[in-house]
4 protein chains.
Amino acid sequence: MAEISPRKQPRQARARATCEAVKQAAARILVTGGPPALNTNAIAETAGVSVGTLYQYYPSKQAILAELVRDMRAGMLADIERGRAQAKGHDLRTAVRLMVGASLHHHRRDALGAEAMERAEAELPMDAETDALKRRIIALVAELLAGYGIADPELAARDLSAMTRGMAQAAVAAGETDFDALTERIARGAIGYLETGCN
Amino acid sequence: MAEISPRKQPRQARARATCEAVKQAAARILVTGGPPALNTNAIAETAGVSVGTLYQYYPSKQAILAELVRDMRAGMLADIERGRAQAKGHDLRTAVRLMVGASLHHHRRDALGAEAMERAEAELPMDAETDALKRRIIALVAELLAGYGIADPELAARDLSAMTRGMAQAAVAAGETDFDALTERIARGAIGYLETGCN
Amino acid sequence: MAEISPRKQPRQARARATCEAVKQAAARILVTGGPPALNTNAIAETAGVSVGTLYQYYPSKQAILAELVRDMRAGMLADIERGRAQAKGHDLRTAVRLMVGASLHHHRRDALGAEAMERAEAELPMDAETDALKRRIIALVAELLAGYGIADPELAARDLSAMTRGMAQAAVAAGETDFDALTERIARGAIGYLETGCN
Amino acid sequence: MAEISPRKQPRQARARATCEAVKQAAARILVTGGPPALNTNAIAETAGVSVGTLYQYYPSKQAILAELVRDMRAGMLADIERGRAQAKGHDLRTAVRLMVGASLHHHRRDALGAEAMERAEAELPMDAETDALKRRIIALVAELLAGYGIADPELAARDLSAMTRGMAQAAVAAGETDFDALTERIARGAIGYLETGCN
DNA sequence: GATGAATGAGGATTCATTCAT
DNA sequence: AATGAATGAATCCTCATTCAT
């Protein structure tokens, strides 16, 4: 069983920089070469440090990946929270559009990175903290939906998240870059899902 | 560069049986242990043949996986074709329901296997034949949608496929087994996507 | 936790030869370079095989060492059994001399190897089978001693074994090669231990 | 070739304390985890200093171990010297008992530590000073034996030391804690060895 | 003097693939 | 055709040691 939590907290500034460099390097490799290209030597070299240094901060290769994914989920939670704050007071359709837009926030910054990360997540053994983040994200969406009288808001939140993820993934794979258009299409599906449900 | 097409066509019955056993074995390992557990020794052992024999029929590990994915896509194409035949003459909403149901046909048979396969596909280098199958599937759906006057039917077909895949994946991961209910929810999203688009 | 039991049984003659070569190589390295020199690459090279081959038969480095030690203990048990058969019917002093001689049998064949092996044993996690062999050896000696009316024969057997081992080790370390003389000296200690105990 | 003698003489009290802490830490790790657990990071951490500091006082890991062993041998020499002073004037049997008791003095303080140390010694390259201590110990015993007219007192001294060490080791391994009883048993063997030798 | 970040050679192990039988 | 023994490059990870701060 590979240890997954970080090994030691970087105390000095140099150490923190190293940590960051390692994560950046891993992320870059993941995007360019996919999971099979992600090996510790490559990470270390890309990060400009030695393997030994890498292992000072992460107890295993998986731990690096786990932290990367955790960061991604934490960012996503923040995006979703901002989205919900914006959505407050608007009608359902607008709220949905804003939430979908928020969900794609990290795609706007780095579409390939976002996709690589989400795919990597599937290969990882469950990490408690990441799992909590994911549940919190779904819960936030569910709360919002409940406020509009949606039935079974938990299930709806999961379905809409999955819908968003699936469509975003395909769009990125197809090379789309117009995220406003994509947001609009996803929102149509989402709204249809929610309103047809009320009939 | 690993060779990906099968090494030789099995002519005799025994050979065909071996081929099948190898694929079945690979599929089973993929489901139970995920990609990291899929190695040639394990496949050979599970299939009840020797590694040498395995390499008589497949030039590389990737070739086995590639054929597995090709089979899955071919099956899906057949499902979609049947779905379209059924859908002929029905209104859009019914047609969509039937097509979504058809898309989930392989999930009904073996949900975990279907998911494992789709995930494995992402890790594989593009295979021309598989790619053609995927395009054919999208084209079939697009044709159907065009018949209902949907704008940009290609894009819509891709979006709906992605939506279906995303929601199915999440549902399977969550342990859902009621595929009728799932079909209904996906169809709601799909119909919303298509009809809202007409406004 | 490293697996310690051998991985697979060699079926073909070639395989058995490989197995043997690996053990021989490990033994030789242990004698010449001690535990720190014993690494899998060195073993494979010395054995004239590749590392991969080595791992076909032994699941870990420890497993090789464990089997080496097991072999040594099994040989020792055989020596002791032969010694006891010889000792039957003789008086205590003669019996002790014969048993000490039997205990040093493997030293006569390969003194350095015997010592290296015994030292290696201490670094190994307990192996059930080896442990059973050791217990059987002590039990045999205890039985013999019991036949001469020795009090607490179990404890005496352990003490005499330890005495023998200690003195043999020091003698080998000092470069002694006259095992008859050594046998005689150990026997004096052993007899003294046993007879003084009767006073 | 690793340097083995200490790097610099600690002049100040704090320095001496650090040195001591390092040695204590190494000893503790050796007892609890054995040689494989003994690494410089662990030593430093256990000692409550940084690796850098450790290397201020010892030029290598081996040097720490070497000093530990040297200390142990020096302590043993002192024990033996005290034993000989006590033994003066007594008859052989009593003298032997006293000497065996003296040899086990460090076992009484810390049986596991004593054993760990003696085992570690075997893995170390010869250290001149330690070797001199060992020779001095043997010489002291030999002198004593010579005073009782024992033939080849050097050899006898070595044999008795080895016998003592062997039996003590086995007893500690078996979990014995009654060192008076152990002393008595070893003395029986030793006396038997010496007196039978006179016949 | 002390710290702890960084180094990188070294070692255990895996696994896709080949080939003699 | 089938077998399974053999190969060795590739990979993860450790740890003694150095050195900038």
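Order of the sequence lines fixes the chain letters, A, B, ..., with proteins taken first and strands second; residue numbering starts at 1 for each chain.
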Nearest-Å distance for atom pair [atom1]/[atom2], residues [X] and [N]:
{"X": "C/I43", "N": "E/dT13", "atom1": "CD1", "atom2": "P", "value": "10 Å"}
{"X": "A/Y58", "N": "E/dA6", "atom1": "OH", "atom2": "P", "value": "12 Å"}
{"X": "C/E45", "N": "F/dG8", "atom1": "CD", "atom2": "C1'", "value": "13 Å"}
{"X": "C/I64", "N": "E/dT13", "atom1": "CD1", "atom2": "P", "value": "9 Å"}
{"X": "C/R16", "N": "F/dA6", "atom1": "CZ", "atom2": "C1'", "value": "17 Å"}
{"X": "B/L54", "N": "E/dT17", "atom1": "CG", "atom2": "P", "value": "10 Å"}
{"X": "A/N39", "N": "F/dT11", "atom1": "CG", "atom2": "C1'", "value": "7 Å"}
{"X": "C/E20", "N": "F/dA6", "atom1": "CD", "atom2": "P", "value": "14 Å"}

At under 4.0 Å between heavy atoms, what does C/L38 touch on the DNA or RNA strands: base, sugar-phosphate, or nothing? sugar-phosphate
Hunt down the Watson-Crick or G-U wobble partner of E/dT18, both distances under 3.5 Å, from any strand shown, or write none. F/dA5
Using a strict cut-off of less than 4.0 Å between a Lys/Arg side-chain nitrogen and an Asp/Glu carboxylate oxygen, indicate whether A/R73 and A/E129 qualify as a salt bridge. no
Does [N] have its OP1 or OP2 closer than 4.0 Å to a side-chain nitrogen or oxygen of [X]?
{"X": "C/S50", "N": "F/dG8", "result": "no"}
{"X": "C/T18", "N": "F/dA6", "result": "yes"}
{"X": "C/T53", "N": "F/dA5", "result": "no"}
{"X": "C/T40", "N": "E/dG11", "result": "no"}

Testing B/T40, B/T46, B/T53, B/I43 one by one against B/V22 for a side chain to side chain contact (heavy atoms under 4.5 Å, CB included), which residue passes? B/I43
A/V51 side chain: which of F/dC13, F/dA9, E/dT17 is closest? F/dC13
Counting heavy atoms from C-beta on, name the nucleotide in E/dT17, F/dC13, F/dT17 closest to the side chain of B/Y55. E/dT17
Go through the N and O atoms of the side chain of C/Q56 and the base of F/dA6, and report whether any donor-acceptor pair is under 3.5 Å. yes
I'd like to know whether CZ of A/R119 has more than 12 heavy-atom contacts from other residues, nucleotides or ligands below 6.0 angstrom. yes
Taking atom CD as the centre, does D/E123 end up with more than 12 heavy-atom neighbours from other residues, nucleotides or ligands that are less than 6.0 angstrom away? yes
D/K61 (side chain) donor-acceptor with D/L38 (main chain) under 3.5 angstrom: yes
Nearest-nucleotide 5' precedence on DNA chain E, B/K61 against D/R14: D/R14
5' precedence on DNA chain E between B/N41 and A/G48 (nearest-nucleotide basis): A/G48
